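Keep in mind that the numbers below use all heavy atoms, side chains included, and drop hydrogens, waters and symmetry copies. Note that the coordinates shown come from a computational prediction; the quantities given were computed from them, not determined experimentally. Every number for a ligand or one of its atoms is a count from 1 in the order of the listing.
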Amino acid sequence: MTPPDTENARFGRVMLKISGEALMGDQGYGLHPPTVERIAQEVKSVHDMGVEICMVIGGGNIFRGLQGSAQGMERTTADYMGMLATVMNALAMQSALERIGAYCRVITAIRMDEVAEPYIRRRAVRHLEKKRICIFAAGTGNPYFTTDTAATLRANEMACEAILKGTKVDGVYDKDPVRHADARRFERVTYDEVLAQHLGVMDASAIALARDNNLPIIVFSLDEPGGFRSILSGAGTYTTVHA
Ligand code: UDP
């Protein structure tokens with residue numbers, strides 16, 4: 001194993017936020033084990049640099065509250081189902097990480113002690129100090145929120161230096177780069193510009209929470225092999241959302 005090289009890593013502790021859809025590969029739903037394994041490898045390669053890693057994984061590949069409420073389900077119940085979906089994704093990622101030798105804890109915002117640890121801030125910090133990857137599951141534990149807000153909340157609580165938001169594209173664009181060939185990528189963009197121009201980096205509550213605590217958000221492509229590690233090495237293509 002390569003020795004830890006934190007001096008060369010840009011940050012000592014980060015929050016990696018990925019959507020649930022990142023785990024479904026080319027399928028339209030659920031978990032695609034080879035994709036989960038590939039992302040686990042990316043995470044481990046950064047962990048091997050000595051970087052302390054927090055993770056939040058969404059649940060959109062399994063269930064979204066808004067989708068349930070659009071079908072007539074009570075919104076809060078649907079949101080709890082969405083939160084449970086994030087626990088399934090977190091357990092799948094934990095399993096993939098442990099298979100490749102990375103120590104990892106799943107920590108839930110809703111108690112389910114037989115399945116995973118409850119969230120206790122000081123305990124989670126201790127795990128990070130002991131170089132365990134912490135996956136925060138079940139969102140904030142509250143309906144009407146998203147996992148982007150959960151990631152921002154936990155990143156602040158864990159004193160992460162940045163949120164790294166892994167997406168399908170390598171940054172924030174002025175319009176959808178998949179549909180518009182002339183879409184322009186921003187190198188840097190402010191929190192207020194993201195909010196005013198509805199740039200769709202994260203939902204408004206997450207952006208406001210990051211802005212109020214001056215927590216940078218780095219948007220990069222998770223589809224790019226080695227993309228996560230490049231950011232930590234100070235390379236790669238990405239957009240920084242800042243004050
Ligand atoms: N959710 C919630 N509270 C939270 C986080 C998530 O109610 O604090 C629910 C919400 O219904 C959401 C679902 O969990 O639609 C899945 O999370 P999200 O949509 O953020 O997942 P992603 O889009 O990142 O895959």
In terms of heavy-atom contacts, Ala243 and Asn214 come closest through CB-OD1, 3.7 Å
Of all protein heavy atoms, the one nearest atom 11 (O) of ligand 1 is Asp79 OD1, 2.5 Å
With heavy atoms and a 4.0 Å threshold, my read on which part of Ser19 contacts ligand 1 is both
Original post:
Does ligand 1 have an atom that lies less than 4.0 angstrom from a heavy atom of Lys17?
Top reply: yes
- May I ask whether Leu66 has any heavy atom positioned less than 4.0 angstrom from an atom of ligand 1? no
Q.
On the six-membered ring of Tyr238, is Arg185 placed so that its NZ or CZ lies under 6.0 angstrom from the centre and within 45° of the ring axis?
A. no
(Q) Evaluate Ala138 for polar contact with ligand 1, using N/O atom pairs at a separation under 3.5 Å. (A) no
Closest to atom 21 (O) of ligand 1 by heavy-atom distance, out of Gly20, Ala137, Gly59, is Gly59
At the 4.0 Å heavy-atom cut-off, does Pro143 count as touching ligand 1?
-> yes
Contact region, Asn61 to ligand 1, non-hydrogen atoms below 4.0 Å, reads neither
Taken in chain and number order and not counting sequence neighbours, the residues that satisfy ring-ring contact (aromatic ring centres under 6.0 Å, His included) with Tyr191 are none
Any donor-acceptor N or O pair under 3.5 Å, side chains Thr147, Lys17:
yes
Q: Can you establish whether the number of heavy atoms outside Tyr103 located under 6.0 Å from its atom OH is more than 12?
A: no
Problem - Within 45° cone and under 6.0 Å: Arg188 NZ/CZ vs Phe186 ring - result: no
Just distances here: any N/O of Tyr80 and N/O of ligand 1 closer than 3.5 Å? no
Extract all donor-acceptor atom pairs below 3.5 Å that involve side chains of residues 59-72 and protein atoms in other chains or at least two apart in sequence.
unit_1 : atom_1 : unit_2 : atom_2 : d
Asn61  : OD1    : Asn89  : ND2    : 2.7
Asn61  : ND2    : Gly30  : O      : 3.3
Asn61  : ND2    : Asn89  : OD1    : 3.0
Arg64  : NH1    : Glu21  : OE2    : 3.4
Gln67  : OE1    : Arg64  : N      : 3.4
Ser69  : OG     : Leu66  : O      : 3.2

protein heavy-atom neighbour closest to atom 23 (O) of ligand 1 works out as Arg64 NH2, 2.7 Å
